[in-house]
Number of protein chains: 2
Amino acid sequence: MGVTIDQGSERVDRRTRRRQETIEEILDIAEAVMSEVGVNGLSLSEVARRLGVQPPSLYKYFPSLMAVYDALFRRGQVANLAVMRAAMEDAEPGLPTVVASLDAACTWALAHRALAQLMFWRPVPSFEPSAEAFAPSIEMVAIQRAALADAVALGQLGPGAATEEGVYAVSIITSGTLTQAMANEPDLPWREGRFSPLFPKLMALLPALYPPKKRRAG
Amino acid sequence: MGVTIDQGSERVDRRTRRRQETIEEILDIAEAVMSEVGVNGLSLSEVARRLGVQPPSLYKYFPSLMAVYDALFRRGQVANLAVMRAAMEDAEPGLPTVVASLDAACTWALAHRALAQLMFWRPVPSFEPSAEAFAPSIEMVAIQRAALADAVALGQLGPGAATEEGVYAVSIITSGTLTQAMANEPDLPWREGRFSPLFPKLMALLPALYPPKKRRAG
DNA sequence: GTCTATAGCCTGATAGAC
DNA sequence: GTCTATCAGGCTATAGAC
């Protein structure tokens with residue numbers, strides 16, 4: 001009996017793992033479809049075609065097309081947050097950390113344009129991300145603000161930078177660079193177009209926007 | 001005979017005018033549809049429904065859905081250019097002219113979000129604007145660059161501002177502010193959200209990005 | 001220029017057999 | 001969890017009568 005139960009448990013685990021792999025594969029294909037035909041061009045039929053199954057089978061994994069969008073949104077937020085965290089660890093504290101994390105986010109966004117559009121441009125009016133899918137974005141704002149607070153503590157920026165407004169300022173510079181790059185150079189990755197060189201130049205203006213009272217670190 | 005010909009001409013003129021009115025009405029409705037269901041949600045059937053005709057009738061005015069997109073794109077570019085020109089006339093020369101025109105463009109863009117998305121974000125991959133529809137955009141870059149050159153001549157900015165890069169810099173600040181405003185405050189007009197106050201602040205950094213050699217005008 | 005009718009596609013989603 | 005079959009609807013675009 002114990003053996004039988006163990007076999008049963010193993011079987012369940014294996015099935016759960018296999019199921020998760022299928023879910024990931026569906027999302028991979030969905031992202032590929034979006035990058036070819038646009039975020040709105042995603043269709044479950046096309047995903048099923050590429051996966052080699054019939055459309056109804058997908059409903060065993062996602063209850064609706066919007067659920068697929070939500071999973072893609074969440075996946076993108078998680079990946080973007082991870083990339084930014086990793087970049088932060090390798091950078092000097094304060095302002096360099098802010099710039100490095102946003103630079104990494106730009107690299108990621110241009111390598112995952114469709115996801116980035118879904119996340120930051122909301123081109124599907126009928127889709128609203130769930131609170132759970134949106135959570136990493138809130139976390140990202142928090143760590144941005146913490147990094148800006150470090151820059152203030154280090155005397156690199158004035159106190160106005162460690163506010164919501166400071167986060168908005170760096171967001172505007174980042175999303176502006178990305179918007180121009182994606183609209184005007186759809187095939188170039190980050191750092192290869194005419195717009196990415198302006199990103200560090202504009203970021204270097206932050207001390208002029210929030211001047212520190214005394215200058216310590218450069 | 002002469003009278004008959006004149007009557008014929010009048011009749012043709014009247015028909016031409018009436019036809020143009022219908023075309024404008026179709027574009028008005030198409031813009032309204034896009035603003036409700038997204039740029040990609042535009043369908044000729046829905047336009048026909050609201051116009052009170054059957055879908056095939058629209059093909060007497062536009063040969064295809066993409067032709068409607070192209071006319072909308074052109075219309076948006078023309079309107080945006082006109083708004084920017086008007087704002088320029090009322091502003092002091094040089095830097096204030098640059099800022100005033102882009103501020104006016106922001107007001108227009110948030111009042112015509114769907115058109116702005118179609119023009120600046122390209123959310124319909126299968127749609128490429130025609131050269132004719134794109135022409136006003138090229139003109140806009142030219143007048144921006146001329147205004148930046150004025151600012152350089154007036155000693156407000158260094159010579160680096162009167163370049164393609166200078167135009168990119170102001171474009172990034174503008175499109176970044178717009179992107180954040182549209183994604184995060186979908187219902188607020190320009191000047192009422194959390195992001196538009198940052199637009200003049202970031203624009204005020206331009207002299208720090210392109211420092212003039214001697215300071216004349218402030 | 002309007003209409004009806006229709007071709008020929010696509011889609012999301014469900015029911016039910018296996 | 002897979003399939004077939006199907007519902008119920010959408011769409012662009014064309015043909016042809018009036």
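A, B, ... follow the sequence lines: proteins, then strands. Residue 1 opens every chain. What's counted below: heavy atoms across the whole structure, side chains too, no hydrogens, waters or symmetry copies.
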* Side chains of A:Tyr168 and B:Arg194: do they bring a donor and an acceptor to under 3.5 Å? -> yes
* To do: Please check if any side-chain donor atom of B:Thr179 sits under 3.5 Å from a side-chain acceptor atom of A:Thr179, or the reverse.
  => yes
* Measure the distance from CD1 on A:Ile26 to C1' on D:dG1 and round it to the nearest whole Å. => 11 Å
* Asked: Which whole-number value in Å describes the distance from A:Asn40 CG to C:dC10 P?
  -> 19 Å
* Phosphate oxygens OP1/OP2 of D:dG10: is one of them under 4.0 Å from a side-chain N or O of B:Arg49? -> no
* Starting at atom CZ of A:Phe62, determine the distance to atom P of C:dT11, rounded to an integer number of angstrom. => 18 Å
* State, without any angle test, whether A:Glu165 and A:Tyr210 hold a side-chain donor-acceptor pair at a distance under 3.5 Å. => yes
* Among the nucleotides D:dG1, C:dC3, C:dG1, which one has an atom lying closest to any side-chain atom of A:Tyr61? -> D:dG1
* Euclidean distance, A:Arg74 CZ relative to A:Leu115 CG, rounded to 0.5 Å -> 13.5 Å
* Asked: Which of these nucleotides, C:dG1, D:dT2, C:dC3, is closest to any side-chain atom of B:Gln54?
  -> C:dC3
* Does the pair B:Arg17/B:Glu24 count as a salt bridge with the N-to-O cut at 4.0 Å? -> no
* Structure fact -> Whether each nucleotide of nucleotides 12-18 of chain C has a protein heavy atom under 4.0 Å at its base (B), only at its sugar-phosphate (S) or at neither (-) is summarised, 5' to 3', as SBB----
* Asked: Within the distance-only criterion (no hydrogens, no angle test), does the side chain of B:Arg122 pair as donor or acceptor with the backbone N or O of A:Asn184 below 3.5 angstrom?
  -> no
* Nearest whole angstrom, please: distance from the P of C:dT2 to the CZ of B:Arg19. => 9 Å
